[in-house]
Amino acid sequence: MELHAARLDEARRVAIFGGTHGNEMSGVMLVNLWVQNNTEVQRKGVEVQPFITNPKAVEKCTRYVDTDLNRAFTPENLSTLGGGDLPYEVRRAQEINRMFGPKGSPEAYDVIFDLHNTTSNMGCTLLLESSKDHFNLCLVLLNEHPLLKYSTSRSVAKHPVGLEVGPQPQGVLRSNIFESMRDILKHALDFIELFNAAGFPITEGLEVGIPIDYPRDDNGNIIAMVHPNLQDCDWEPLNPGDPMFQTFDGKTIHYQGSGTVYPTFINEAAYYEKQQAFATTRRESLVASAIRKA
Ligand SMILES: CC(=O)N[C@@H](CC(=O)O)C(=O)O
Ligand SMILES: [Zn+2]
């Protein structure tokens, strides 16, 4: 995939979102820390705002209260009237859109980093929403698919960046995951400061995801688990014929696709309700020949 040359403006207004999912503890704790004392995240010439996006879900330590905030930023939700009758997260999405957007407008924040934890063994992954956004770089999962109706919290920014770090169980804080997330974010902010000062050529590999559901019976109940050979093997090749699921009576279900894929979000706890056991990805190379205006 070849990207064409483009000129980008500086990133002057940056937000760090934590608690988009109230039970993903590293982002919640880091943002709370930085709200109290922001010296660690200040960078020259950049206004950095740490912000808890779903305080009610954080208080209850659940993913969401009424509906998934990270799917709530649809044009319909953002324009609907109804005030107090609307689901909590829809009202919250409207507030966030007013504060950090409006989505798609010149007034929108330049960059939003949205901090997430996964229960899968994915390590550290940046989640991007457009292959045409030259500002973003690094090892990434590109969530750009015509069938994906994503509508994330960070999508109100001009350059949305999700940061997913795992494995960490829901409602649990693990020091190694917390410190990795902190490290990546500090590097990302350093990058913005340097990026504002001078341009960068960007060339990296990336992956595009398609969701795979668990095998289910006619009532929608799952009838198999992630196979032990696949569990924790995020980003490793899954070839046609490889074990994928194991039924409760011990039968193996093999991957039937036409070619090698690289699974991610394997056995993510939050995705049982979304009919997703893992996402398959393919390797692609994005080449951005352009940089910030020199
Ligand atoms: C485990 C988890 O919450 N993942 C995020 C990924 C993202 O932010 O794009 C989500 O589904 O919203
Ligand atoms: Zn999340």
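Just the heavy atoms: all of them, side chains too, but no hydrogens, waters or symmetry mates, feed the values below. Start at 1 and go down the list; that is how both ligands and their atoms are numbered.
Remark: T260 OG1 to R282 CZ distance equals 8.5 Å, nearest 0.5 Å.
Using a cut-off of 2.8 Å, one finds that E24 contributes an N/O/S atom close to the Zn ion (ligand 2).
Shown here is K274, whose NZ atom has more than 12 heavy atoms of other residues, nucleotides or ligands within 6.0 Å.
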Take V31 and L33 through the side-chain contact (heavy atoms from CB on, under 4.5 Å) test and state the conclusion after the steps. CA-CA 5 Å; V31 167; L33 204 71; over 6 Å; no

Could you check N54 against E89 for side chain to side chain donor-acceptor pair (under 3.5 Å), going step by step and ending with a plain yes or no? CA-CA 8 Å; N54 195 336; E89 278 84 2; 3.0 Å; yes

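Atom ND1 is the N/O/S atom of H21 found closest to the Zn ion (ligand 2). Nearest to the Zn ion (ligand 2), among the N, O or S atoms that H116 has, is ND1.
Taking every heavy atom of R71 and a limit of under 4.0 angstrom, the matching atoms of ligand 1 come to 10 (C), 11 (O), 12 (O). Short contacts between ligand 1 and N70, defined as distances under 4.0 Å to a heavy atom of the residue, involve ligand atoms 7 (C), 8 (O), 10 (C), 12 (O). Short contacts between ligand 1 and Y271, defined as distances under 4.0 Å to a heavy atom of the residue, involve ligand atoms 1 (C), 2 (C), 4 (N), 5 (C), 6 (C), 10 (C), 11 (O). Remark: ligand 1 atoms within the under-4.0 Å shell around heavy atoms of H21 are 3 (O), 10 (C), 12 (O). Close contacts between ligand 1 and L127 involve ligand atoms 6 (C), 7 (C), 8 (O), 9 (O) [criterion: under 4.0 Å to a heavy atom].
Residue contacts with ligand 1: D114 is placed with no nitrogen or oxygen under 3.5 Å of a nitrogen or oxygen of the ligand (distance criterion only). Ligand 1 has no nitrogen or oxygen under 3.5 angstrom from a nitrogen or oxygen of T118. Annotation: K274 places no N or O atom under 3.5 Å from an N or O atom of ligand 1; distance criterion only. Considering both main-chain and side-chain atoms, D68 never comes within under 3.5 Å of ligand 1 through any nitrogen or oxygen pair. Any N or O atom pair closer than 3.5 Å counts here, and T152 shares no such pair with ligand 1.
For atom 9 (O) of ligand 1, the nearest non-hydrogen atom from the set E268, Q276, R154 comes from R154.
The aromatic ring centres of F100 and Y109 sit less than 6.0 Å apart. Aromatic ring centres of Y271 and F265 lie closer together than 6.0 Å.
In the hydrophobic clustering of ILVMFWY residues, with side-chain heavy atoms under 4.5 Å counting as a link, V58 and M25 come out together. Note on V28: it clusters hydrophobically with W34, by side-chain heavy-atom contacts below 4.5 Å among ILVMFWY residues.
Each of I177, T119, T118, D232 was checked for a side chain to side chain contact (heavy atoms under 4.5 Å, CB included) with P167, and the lone residue meeting it is I177.
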